[in-house]
Participant: 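This structure is in structure tokens; I'll ask about it shortly.
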Amino acid sequence: MATDAEEIFPQIERWRAQGQRVALATVVQTWGSSPRAEGSHLAVNERGEFVGSVSGGCIEGAVVTEAVAAMEDGKTRTLEFGISDEQAWEVGLACGGQVRVFVEPLQ
Amino acid sequence: MKWTLFERLQRAIANNASAAVVTRLDDGVQAVFDGGGWEGDLSLDDAQKATALRMLIADKSGMLANVEGLFVRAYARPPRLIVIGAAHISQFLAPMAMLAGFEVIIIDPRRSFASAERFPGVTLMHSWPDEALAQLKIDATSAVVTLTHDPKLDDPALISALGSPAFYIGALGSKRTHAKRIARLAEAGLADQAARIHAPVGLDLGGRAPREIAVSILAQVIQVRYRGSAPA
């Protein structure tokens with residue numbers, strides 16, 4: 001699955017060229033019916049702009065927040081999201097399953 | 001990720017080579033495989049490298065089995081089937097492999113064999129096999145099959161392939177032909193590496209017709225891609 005990278009990596013390079021800090025989030029494990037497979041990437045710059053996806057939109061907000069924090073403290077983190085079907089329904093999202101996301105600053 | 005590793009990875013992807021990154025999730029320490037070799041601060045043992053490579057060949061990202069906290073990200077390009085020899089079998093193998101999702105390249109310096117009429121829609125290269133293979137940069141998601149029956153063409157291709165990370169190398173020819181081939185490769189100092197060659201090529205399906213041999217070759221390539229295997 002080089003496609004994700006072909007889309008996202010050039011954007012990372014553009015941000016770097018503009019002097020933006022960048023972090024990369026990656027789905028490393030999934031359980032149940034998570035919308036994006038292991039390896040899916042989301043790249044974030046220091047302004048919180050992002051490309052790619054790690055879910056169908058349910059967790060991107062939280063991942064972006066953590067990604068910006070990772071750029072600031074220079075530390076990696078592993079995030080876990082478990083979204084029950086009922087919860088997903090309540091917030092109006094079509095996501096289910098559980099997903100573990102690794103967030104790393106580029107440095 | 002360190003920028004130096006990112007650059008290495010980006011270079012491999014830009015060069016159309018399959019690459020992989022292994023990350024220790026505890027602390028983010030990483031190793032990159034860029035087709036040539038492994039780089040980075042994370043040291044992996046041979047078994048871990050082999051498993052990560054198998055995941056790359058099958059284009060499967062995920063946690064490394066039996067090891068706590070190591071994640072493998074496969075950046076695999078579509079698998080390539082590189083065929084040496086625009087033979088009759090190749091005329092069946094090329095379209096079948098394309099339908100199965102392979103990028104197919106046929107190498108044969110004999111232009112009357114490797115013609116667009118005989119191979120519609122297939123990438124054809126008319127240079128000598130070793131030159132063509134050097135140009136193609138065989139990577140970990142490439143399979144190389146020699147079908148010319150002519151050592152002048154097959155041997156240089158096999159020598160190039162044996163020096164590459166190709167996941168599959170196969171050579172047409174009987175057991176007797178292959179024994180002679182092994183002897184020639186041993187003289188070239190490749191006695192150990194030659195064990196990577198699948199020969200006689202293909203799964204033993206029983207069919208003898210060119211189209212049936214093509215099926216058996218493609219089946220074996222797919223089997224090795226997902227299951228891995230030491231040649232019989």
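First the proteins, then the strands, lettered A, B, ... as listed; each starts at 1.
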Participant: Test side-chain contact (heavy atoms from CB on, under 4.5 Å) on B/Phe71 and A/Thr78; report intermediate values, then the result.
Facilitator: CA-CA 12 Å; B/Phe71 172 73; A/Thr78 304; over 6 Å; no

Participant: With no hydrogens and no angle check, is any side-chain donor or acceptor of A/Gln107 less than 3.5 Å from a backbone partner on B/Lys2?
Facilitator: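 Such a contact is absent between A/Gln107 side chain and B/Lys2 backbone.
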
Participant: Taking side chain as everything from C-beta outward and backbone as N, CA, C, O, which of these in B/Leu5 sits under 4.5 Å from a heavy atom of chain A? Side chain, backbone, both or neither.
Facilitator: neither

Participant: Indicate yes or no: does A/Arg16 engage B/Glu7 in a salt bridge with an N to O separation below 4.0 Å.
Facilitator: yes

Participant: Which distance, rounded to the nearest 0.5 Å, do you find between the CE of B/Met63 and the CD of A/Gln29?
Facilitator: 5.0 Å

Participant: Starting from the C-alpha separation in whole Å, work towards a yes-or-no answer on side-chain contact (heavy atoms from CB on, under 4.5 Å) for A/Thr76 and B/Asp27.
Facilitator: CA-CA 7 Å; A/Thr76 63; B/Asp27 53 10; 5.7 Å; no

Participant: Between A/Gly39 and B/Ser61, what is the shortest heavy-atom contact and its length?
Facilitator: CA-CB, 3.9 Å

Participant: Identify which part of A/Phe9 has an atom lying under 4.5 Å from any heavy atom of chain B, answering side chain, backbone, both or neither.
Facilitator: both

Participant: For B/Trp3 and A/Val22, what are the C-alpha separation, side-chain angles and deciding distance, and is it a side-chain contact (heavy atoms from CB on, under 4.5 Å)?
Facilitator: CA-CA 10 Å; B/Trp3 283 115; A/Val22 183; 4.3 Å; yes

Participant: Between B/Ser18 and chain A, which part of the residue has a heavy atom less than 4.5 Å away: side chain, backbone, both or neither?
Facilitator: neither

Participant: Please walk me through it: do B/Gln10 and A/Glu13 pass side-chain contact (heavy atoms from CB on, under 4.5 Å)?
Facilitator: CA-CA 9 Å; B/Gln10 176 65 325; A/Glu13 288 194 327; 3.2 Å; yes

Participant: Evaluate whether atom CG of B/Asp204 has more than 12 neighbouring non-hydrogen atoms of other residues, nucleotides or ligands under 6.0 angstrom away.
Facilitator: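 Not more than 12 within 6.0 Å, no.
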
Participant: To the closest 0.5 Å, what do you measure between CG (B/Asn16) and CD (A/Glu6)?
Facilitator: 7.5 Å

Participant: Please state whether the side chain, the backbone, both or neither of A/Thr26 comes within less than 4.5 Å of a heavy atom of chain B.
Facilitator: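 Just the side chain, heavy atoms under 4.5 Å.
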
Participant: With a cut-off of 6.0 Å (strictly less than), are more than 12 heavy atoms of other residues, nucleotides or ligands near CG of B/Asp45?
Facilitator: yes

Participant: Whether B/Lys60 and A/Glu38 form a salt bridge (side-chain N of Lys/Arg under 4.0 Å from carboxylate O of Asp/Glu) is what I want to check.
Facilitator: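 A salt bridge is present here (some side-chain N lies under 4.0 Å from a carboxylate O).
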
Participant: Verify the neighbour count for atom CD of A/Glu80: are there more than 12 heavy atoms of other residues, nucleotides or ligands below 6.0 Å?
Facilitator: yes

